[in-house]
S.K.: 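Got a structure for you, written out below as C-alpha cells; questions coming shortly.
To find a chain, count down the sequence lines: A is the first, B the second, and so on, and within it residues start at 1.
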Amino acid sequence: MVEVGDAYDPIAVEAKWQKRWDQEGTYNVDPGDPRPKSYVLCMYPYPSGPAHQGHVRNYTFGDLNVRYRTMKGEAVLSPFGFDSFGLPAENAAIKTGIHPRTFTDARIEELKTSVKSLGAMYDWRREIRSHDPSYMRWVQWIFLRFYNAGLAYRAEAPVNWCPGCKTVLANEQVLADGTCERSGDVVERRTLKQWFLRITAYADQLLDALDGLDWPERVKTMQRNWIGRSEGAQFELVVQGKDDVKLEVFTTRPDTGFGVTFAVLAPEHPLVDTLTTEDHREEVEVLRSEAARQSDLDRQSGHGDLGKAGAFTGSYVINPFNGEPVPVYVADYVLMGYGTGAIMAVPAEDERDWAFAKAHGLPIVRTTEPPDGFGDHPYGGNGRKTNSGFMNGMGVAEAKEAALDWLESNGLGERKVNFRLRDWLVSRQRYWGCPIPVVHCPSCGVVGVAEEDLPVLAPDDVEFLPTGESPLASHEGFKKVSCPSCSGPAERETDTLDTFVDSSWYFLRFCDPWNDQAPFSIEAAEEWMPVDQYIGGIEHAILHLLYARFFTRALSDLGIAPGGLKEPFARLFTQGMIRMGGTKMSKSKGNLIAPSKYLETVGADALRLSQLSLAPPADDVDWTSQTEEMIEGWAKWTQRVWRLATGEAGSGVVRPEGENDGDTELRRATHRAINKVTSDMDRWSYNTATAALRELTNAAYIHLGKGVGEEALSEAVDSLLLMLAPMAPHLAAEAWERRHGEHIHTKPWPIADPELARDQKVTLIVQVNGKVRDRIEVDPAIGHQEAEALALASERARAHMGDAEPAKVVVRPPRLVNIVVPAG
RNA sequence: GCCCGGGUGGCGGAAUGGUAGACGCGGUGGACUCAAAAUCCAUUGUCCUUGCGGGCGUGCGGGUUCGAAUCCCGCCCCGGGCACCA
C-alpha cells in the first residue's frame with residue numbers, strides 16, 4: 001500500500017539531477033561528434049536579474065527541443081550566453097556609483113542560477129558574455145574588417161537623438177510615433193558625425209532570401225515592409241530659365257508622367273535656395289524653419305490633414321513627357337531621406353498629391369480612367385491610360401514599361417530600385433558598450449587600431465555623470481593616443497558600438513568559443529551552422545533578426561564565415577508574450593510574478609508543464625489567478641505520475657496468464673499516445689502533447705482500477721516517462737532511475753507499433769439529413785455496403801426518416817453514413 | 001488608411017470538410033476520514049422534458065456542400081505590424 005512520506009519531493013530531486021547533468025556534461029558536444037548535428041538556440045538574454053516568466057517560457061521551449069532531439073539521436077549544440085552590454089547597467093552606475101561591470105556580473109549570476117534551477121541544459125563551457133574582453137576583441141576585429149571592406153563608414157547625418165538615453169538611436173529603435181523604443185522619450189533630430197554599417201548594400205539579398213526561410217510569415221512580412229523595395233524610374237526635370245540646374249525625381253508610377261502638374265522638394269533639399277526666387281523667399285524660409293523645428297512626431301501628426309503645409313518657390317520645371325512648365329513647391333510631406341528628396345506630383349493618381357493640389361489650387365489631370373461613378377477622388381488603380389500621348393489606351397502595367405523605355409531611349413532617365421531601408425547607425429555616446437576601435441589622427445585621418453592591440457578596453461576609472469557625453473570623452477588617458485600609422489599625437493574614438501552589433505554574430509562564436517586566432521573557425525561554423533531552431537520573442541522581428549542576417553552575409557562574403565553560409569537561422573520560432581492585466585509582463589510595468597516563487601515550492605517541472613500547456617506556444621498568455629491554479633494542478637499531476645511509476649497508485653494490479661482485453665486497451669492507449677505526442681512535438685503543439693500525456697495517465701489509472709497485467713502497465717508507464725523526459729526532465733529521470741537504474745536522457749524516443757495503435761472498433765455515425773441520430777460500434781475494416789445496410793437498419797435513424805425513401809445515402813466507411821431524405 | 005493574426009462553455013483551450021467543446025482550471029455530488037487535508041470516482045454548453053429523448057449552439061448576415069467552427073462573399077469586434085517611402 002501507499003507509504004506515507006514517500007511523496008515526490010521536487011525540490012530535492014531537481015537539485016540532485018541538475019547537479020548530475022552539470023557534472024556529467026550530459027549535454028556538452030564536441031567537434032567530431034559522430035551523431036547527426038543540430039543547433040538549438042534561444043536568443044541570448046540581456047542579464048537583468050533572476051529569470052522572469054518570459055525567460056521560463058523561452059527556455060522551456062528551447063530545452064524541450066534540445067532534449068527531444070537528443071533522444072532522437074542528434075548531437076545538439078545548446079549554448080547559453082549573455083547580451084551583457086547595455087544601458088541599464090550604466091544608468092545604475094550613474095545612480096549608485098557601482099561600476100557597470102560589477103553590476104552586470106551580479107545580474108548574470110542571478111540569471112544563471114535561475115536558468116539552472118529551471119533544469120534547462122546547456123554546454124556551459126561555451127558561455128559568452130558580450131562584455132568579456134575575449135569577445136570584445138573579435139567584435140572590434142570584425143568592425144575593422146567591415147571598415148576595410150567599406151561596410152563601415154563615418155558620415156555626418158541627421159540622427160535620432162534620445163534625450164532620455166542621452167545617445168543616438170538607429171532608425172529601427174525609433175517607434176512609429178517618434179519615441180524611443182527603450183525610454184519612451186520623444187526623439188529629437190540632431191546632425192552629428194557618426195559610424196554607419198552599410199546594410200543597404202545587402203537590401204536586395206536580405207529581401208530575396210526571406211522566401212527560402214522557414215520563419216513565421218508574420219516576421220517575414222515585417223522584414224519585407226521594413227526593407228521596403230520599390231521599383232520605378234529616376235529622371236531629371238529641367239528648370240525653366242536655368243538650363244544647367246536639373247531636379248532629380250523618383251517615381252514608381254512613370255506611366256502617370258503626363259499627369260504631373262507640379263513638383264515638390266523636401267524642405268532640406270539642397271536646391272531649395274537655388275530655385276527660390278526673391279519674391280517667394282520669405283514664405284519658403286518660414287516653411288523651412290518650421291520643418292526644421294518640428295520633431296518627426298510633430299511632422300507626422302500633420303499627416304492626414306487636408307491643409308498640407310507648402311510654399312511656392314517661384315520656379316518652374318519642364319515636364320519631359322509633354323514639355324509643359326509646372327510650378328515647384330517646397331513641402332514637408334516630401335522626405336529628404338527617401339529617393340531623391342524631390343517628387344513629380346500627380347494629384348489625380350496619388351492621395352497625398354491630391355490633398356496638396358486641393359489645398360493649393362493646383363490643376364488635376366487624370367491619366368488613368370477610373371471605374372464608372374468613381375467620384376472626385378484620386379485613383380491609384382488599374383485602368384485605360386488617357387491624356388497620356390504614346391501611352392493612351394494601354395493598361396497601367398503596359399504603360400509603365402512603355403514610359404520606362406521612352407525615358408531610357410531618350411536619355412532622360414533610367415530604371416531605378418529604391419529601398420526604405422537605411423544604413424545602420426552604430427555609434428553610441430555611452431560607456432557600457434564595445435569601444436569602436438579607431439583613432440582620429442590630424443594627419444592620417446581615421447586609422448583602425450592594429451589587430452595585435454585589440455581589444456580596446458574602456459578604462460575603469462571614469463566618472464559616471466548624466467552629461468550626455470560618454471564618460472570616455474572626458475578621460476584624457478583613454479582619449480590621448482599615438483596614431484597607429486604615423487605615431488603622431490592622435491585621439492581615440494570615444495563612441496561605443498550599438499549592442500545589436502554584439503548580438504549579430506554571437507551564434508557563430510558559440511560554434512568555436514575558445515578560438516584565439518579568429519572569431520571562429522570556418523570548420524566549426526560549417527559543422528554547426530546554420531542554427532536549426534532559433535527561439536525568441538517577436539519583439540526582435542526586425543532589429544536583431546535583420547542585423548544578424550546582414551552580419552552573416554557580410555562575414556561570409558569577407559571569407560570570415562563559410563562561403564555557403566548566407567542565413568544564420570534556418571528555422572525561427574517566435575513565442576507569445578506573457579501579459580498581465582492586458583499589458584506585457586515586465587519589470588518596468590511592475591507586474592512581475594517571479595518564477596522563483598514556483599521553483600521553490602512546486603518545482604521546475606510543474607512550472608515547465610504549465611508553460612507548455614497554458615496555450616499554443618506562439619500565442620500570448622494572460623497571467624491570471626487561474627494560471628496559478630493550473631500550476632497547482634500540474635504539481636498534483638507530477639505526484640500522480642510518481643505514484644504510478646513507483647507502484648503506489650493502487651492495489652488493482654492482477655497478473656493473469658496471457659493478455660486480456662483490458663491489457664489490449666491500455667496498450668492501444670499507450671501506442672496511440674506515442675503517435676499523438678510525437679506528431680505534436682514535431683509541429684510545436686505542446687499544449688495538446690501535454691493533454692495526451694494526461695490522457696495516458698488517466699487510462700493507466702482506469703485500468704489499474706480494473707486490474708491489468710504488469711507488462712501492459714509497465715509499457716504504459718515507461719512510455720509516459722520517456723515522453724515526459726523533454727518536458728519534465730527531473731521527474732522523468734528520477735522515476736526512470738528507480739524503475740530501471742538507468743539514465744533516461746540517453747534513451748531513445750519511443751516509437752509506436754502501428755498494429756498495436758490500430759483501433760479494434762470504431763463508432764459509425766448515422767446521420768439523417770446531416771444530424772446525428774445513431775452511433776454503432778463497428779469493425780474499422782467495415783465495407784461500404786455493410787455500413788450502408790447497418791445505417792438503414794438503425795431504428796433510431798428510421799424514426800427520423802418518416803415514411804420517406806432515402807433520396808441519397810452518403811457512405812464514408814467506417815466513420816459515417818448520412819441518409820438524405822426529402823424534406824417534409 | 002493598408003497588411004497580417006484572431007473571435008468556440010464560467011475560464012485556458014481542443015477539433016482544418018464528417019460525433020463541436022479533447023485535456024485542464026473552476027463548480028457540483030459522492031467514497032475514504034472522528035474531522036480536515038490529500039487521494040479516488042462521478043458529473044458539468046444551453047433550453048424543454050420525471051425519464052427516454054428533443055430543440056438550439058463556434059462574433060453577425062448570406063452562400064457552396066449530403067454535411068461547415070473549418071471553404072467562399074459581405075459586415076462587426078479584438079490584438080499586432082506598417083503608415084506622407086513618391
Side-chain angles (χ1 to χ4, degrees), chain A residues 2 4 7 176-177 216-222 224-226 228-230 232 249-253 256 264 266 299-300 302-305 308 331-335 337-346 349-353 355-356 418-422 538 541-542 577 579 582 610 613-616 618-622 624-634 636-637 639-640 643 649-650 676 685 687-695 697-698 701-702 705 763-772 774-775 796 799-800 806-812 815-821:
Chain A
V2 180
V4 181
D177 64 357
E217 220 32 68
R218 193 160 61 123
V219 176
K220 294 207 264 186
T221 305
M222 282 163 74
R224 277 188 199 108
N225 291 341
W226 190 263
R229 182 192 149 98
S230 46
V249 295
F250 172 74
T251 181
T252 56
R253 292 292 305 273
T256 63
V264 188
R299 204 157 145 180
Q300 279 178 18
H303 162 45
D305 289 2
K308 292 224 164 201
D332 66 358
Y333 82 95
V334 174
L335 308 174
Y338 184 79
T340 62
I343 61 158
M344 58 170 229
V346 188
E349 274 99 34
D350 183 282
E351 221 176 296
R352 299 152 300 179
D353 297 345
F356 192 85
N418 257 319
F419 293 93
R420 187 183 167 282
L421 182 73
R422 312 291 160 79
I538 187 78
I542 295 170
M577 290 189 307
R579 288 181 312 206
S610 318
S613 67
L614 223 44
D619 286 12
D620 287 350
V621 171
D622 271 309
T624 65
S625 60
Q626 185 180 236
T627 315
E628 313 246 340
E629 281 154 354
M630 287 170 81
I631 296 171
E632 264 320 302
W634 280 107
K636 287 178 184 175
W637 184 77
Q639 299 290 347
R640 193 167 150 90
R643 288 192 297 274
K676 171 74 176 153
S685 183
N687 54 330
T688 54
T690 60
L693 293 184
R694 288 254 196 186
E695 279 186 275
T697 314
N698 293 344
Y701 268 84
I702 285 165
T763 307
L764 175 77
I765 300 303
V766 183
Q767 296 182 334
V768 176
N769 289 342
K771 283 189 198 297
V772 178
D774 202 3
R775 298 174 170 87
R796 289 170 193 273
H800 290 274
K808 183 173 179 181
V809 182
V810 180
V811 186
R812 294 281 179 278
R815 296 272 176 204
L816 180 121
V817 174
N818 187 12
I819 303 163
V820 184
V821 296

S.K.: Mind checking if A:R694 touches a base, just sugar-phosphate, or nothing, with heavy atoms under 4.0 Å?
M.R.: sugar-phosphate

S.K.: Would you mind telling me which of B:C41, B:U19, B:C66 lies closest to the side-chain atoms of A:V810?
M.R.: B:C66

S.K.: With both distances under 3.5 Å as the test, what is the Watson-Crick or G-U wobble partner of B:G51?
M.R.: none

S.K.: Quick check on B:C11: is either OP1 or OP2 less than 4.0 Å from any side-chain nitrogen or oxygen of A:T624?
M.R.: no

S.K.: Looking only at the side chain of A:D332 (C-beta and beyond, no hydrogens), which of the listed nucleotides B:C4, B:U19, B:C84 gets closest?
M.R.: B:C84

S.K.: So does A:N769 get a side-chain nitrogen or oxygen closer than 4.0 Å to the phosphate oxygens (OP1/OP2) of B:G67?
M.R.: no

S.K.: Between B:G53, B:A22, B:U19, which nucleotide gets closest to the side-chain atoms of A:R775?
M.R.: B:U19

S.K.: Do A:V621 and A:M577 have side-chain heavy atoms sitting under 4.5 Å apart?
M.R.: no

S.K.: So A:G633, base contact, sugar-phosphate only, or nothing? Heavy-atom distance under 4.0 Å.
M.R.: sugar-phosphate

S.K.: Looking at every non-hydrogen atom in both residues, tell me the closest pair between A:D622 and A:T627 and how far apart they are.
M.R.: O-OG1, 3.5 Å

S.K.: Find the distance A:W637:CH2 to B:C25:C1' and express it as a whole number of Å.
M.R.: 16 Å

S.K.: Please report the distance, rounded to the nearest Å, between CD1 in A:I819 and C1' in B:G67.
M.R.: 13 Å

S.K.: Look at the aromatic rings of A:F250 and A:Y338 and report parallel, tilted or perpendicular, splitting at 30° and 60°.
M.R.: perpendicular

S.K.: Using the P atom in both, what is the distance from B:A35 to B:A15, to the nearest Å?
M.R.: 44 Å

S.K.: When rounded to the nearest Å, what value does the distance between P atoms of B:A20 and B:G55 take?
M.R.: 12 Å

S.K.: At less than 4.0 Å, is any side-chain N or O atom of A:R224 found next to OP1 or OP2 of B:C4? Yes or no.
M.R.: no

S.K.: What integer distance in Å separates A:I631:CD1 from B:G12:P?
M.R.: 16 Å

S.K.: Looking only at atom C1', what distance separates B:G63 and B:C52, rounded to whole Å?
M.R.: 38 Å

S.K.: For A:E351, I'd like to know if atom CD has over 12 heavy atoms of other residues, nucleotides or ligands within 6.0 Å.
M.R.: no

S.K.: Taking C-beta and beyond as the side chain, do A:T256 and A:M344 meet within less than 4.5 Å on heavy atoms?
M.R.: yes

S.K.: Say we look at B:G6 and B:G13: how far apart would their P atoms be, to the nearest angstrom?
M.R.: 13 Å

S.K.: Closest to the A:Q626 side chain: B:C66, B:G53, B:G24?
M.R.: B:G24

S.K.: What is the pairing partner of B:G12, taking Watson-Crick or G-U wobble pairs with both distances under 3.5 Å in any strand?
M.R.: B:C23

S.K.: In whole angstrom, give me the gap between the P atoms of B:G27 and B:G80.
M.R.: 32 Å

S.K.: Taking only the side-chain heavy atoms of A:K808 (C-beta and beyond), determine which of B:C66, B:C41, B:A14 contains the nearest atom.
M.R.: B:C66

S.K.: Compare the minimum distances between each of B:A86, B:G54, B:A14 and the side chain of A:S230, then state the nucleotide with the smallest one.
M.R.: B:A86

S.K.: So, is A:R812 close to the B:C66 phosphate, meaning a side-chain N or O under 4.0 Å from OP1 or OP2?
M.R.: no

S.K.: For RNA chain B, whose closest nucleotide is more 5', that of A:P616 or that of A:E695?
M.R.: A:P616

S.K.: Quote, to the nearest angstrom, the P distance that separates B:A22 from B:G61.
M.R.: 26 Å

S.K.: What interatomic distance, in whole Å, is found between P of B:C2 and the corresponding atom of B:A14?
M.R.: 30 Å

S.K.: Using purine N1 to pyrimidine N3 plus N6-O4 or O6-N4 for Watson-Crick, or N1-O2 and O6-N3 for G-U wobble, each under 3.5 Å, what pairs with B:G74?
M.R.: B:C60

S.K.: Does the side chain of A:I819 come within less than 4.5 Å of A:V817's, by heavy atoms?
M.R.: yes

S.K.: Using a 4.0 Å heavy-atom cut-off, does A:N698 contact any base of the nucleic acid, only the sugar-phosphate backbone, or nothing at all?
M.R.: sugar-phosphate

S.K.: My understanding is that a pair needs two contacts under 3.5 Å, Watson-Crick or G-U wobble. By that rule, which nucleotide pairs with B:U33?
M.R.: none

S.K.: Closest-nucleotide mapping onto RNA chain B: is A:F250 or A:M222 further toward the 5' terminus? I mean the 5' end.
M.R.: A:M222

S.K.: Quick one: look up who B:C2 pairs with, Watson-Crick or G-U, both distances under 3.5 Å, and put none if it's unpaired.
M.R.: B:G81

S.K.: The side chain of A:V334 is closest to which nucleotide in this list: B:C23, B:A86, B:C41?
M.R.: B:A86

S.K.: Tell which nucleotide pairs with B:C66, taking only Watson-Crick or G-U wobble pairs whose two distances are both under 3.5 angstrom.
M.R.: B:G18

S.K.: Check every atom of B:C11, B:A86, B:C40 against the side chain of A:T252 and return the nucleotide holding the closest atom.
M.R.: B:A86

S.K.: What's the base orientation of B:G67: syn (chi within 90° of 0) or anti?
M.R.: anti

S.K.: Identify the two heavy atoms, one from A:V346 and one from A:D353, that lie closest to each other, and give their separation to 0.1 Å.
M.R.: N-OD2, 2.9 Å

S.K.: Round to the nearest Å and state the distance from A:I538 atom CD1 to B:G6 atom P.
M.R.: 14 Å

S.K.: Is there a side-chain contact between A:K676 and A:T688 (heavy atoms, below 4.5 Å)?
M.R.: yes

S.K.: Report the distance from atom CG of A:D774 to atom P of B:G53, rounded to the nearest whole Å.
M.R.: 10 Å

S.K.: For the atom pair OG1 (A:T763) and CG (A:D774), what is the distance rounded to the nearest 0.5 Å?
M.R.: 11.0 Å

S.K.: For a quick check of understanding: with a heavy-atom distance under 4.0 Å over all strands, which category does A:L614 fall into, base, sugar-phosphate or nothing?
M.R.: sugar-phosphate

S.K.: B:C41 P sits how many Å from A:I702 CD1, rounded?
M.R.: 7 Å

S.K.: Now, which nucleotide makes the Watson-Crick or G-U wobble pair with B:A42, with each of the two distances under 3.5 Å?
M.R.: B:U28

S.K.: Among B:A86, B:A22, B:G18, which is the nearest nucleotide to the side chain of A:N818?
M.R.: B:G18

S.K.: Ignoring backbone atoms, establish whether A:H800 has a side-chain N or O less than 4.0 Å from OP1 or OP2 of B:G53.
M.R.: no

S.K.: To the nearest angstrom, how far is A:N687 atom CG from B:G24 atom C1'?
M.R.: 11 Å

S.K.: Mind checking if A:E632 touches a base, just sugar-phosphate, or nothing, with heavy atoms under 4.0 Å?
M.R.: nothing

S.K.: Looking only at side-chain N and O atoms, does A:K771 come under 4.0 Å of OP1 or OP2 in B:C56?
M.R.: yes

S.K.: So does A:R229 have more than 12 non-hydrogen atoms from other groups sitting under 6.0 Å from CZ?
M.R.: yes

S.K.: Do A:N225 and B:C82 share a donor-acceptor pair, side chain to base, under 3.5 Å?
M.R.: no

S.K.: Can you measure A:K676 atom NZ to B:A22 atom P for me and round it to whole angstrom units?
M.R.: 13 Å

S.K.: Taking the P atom in each of B:U58 and B:G7, what is the distance between them to the nearest angstrom?
M.R.: 13 Å

S.K.: Counting only side-chain heavy atoms from C-beta out, which of B:A86, B:C41, B:C4 sits nearest to A:Y338?
M.R.: B:A86

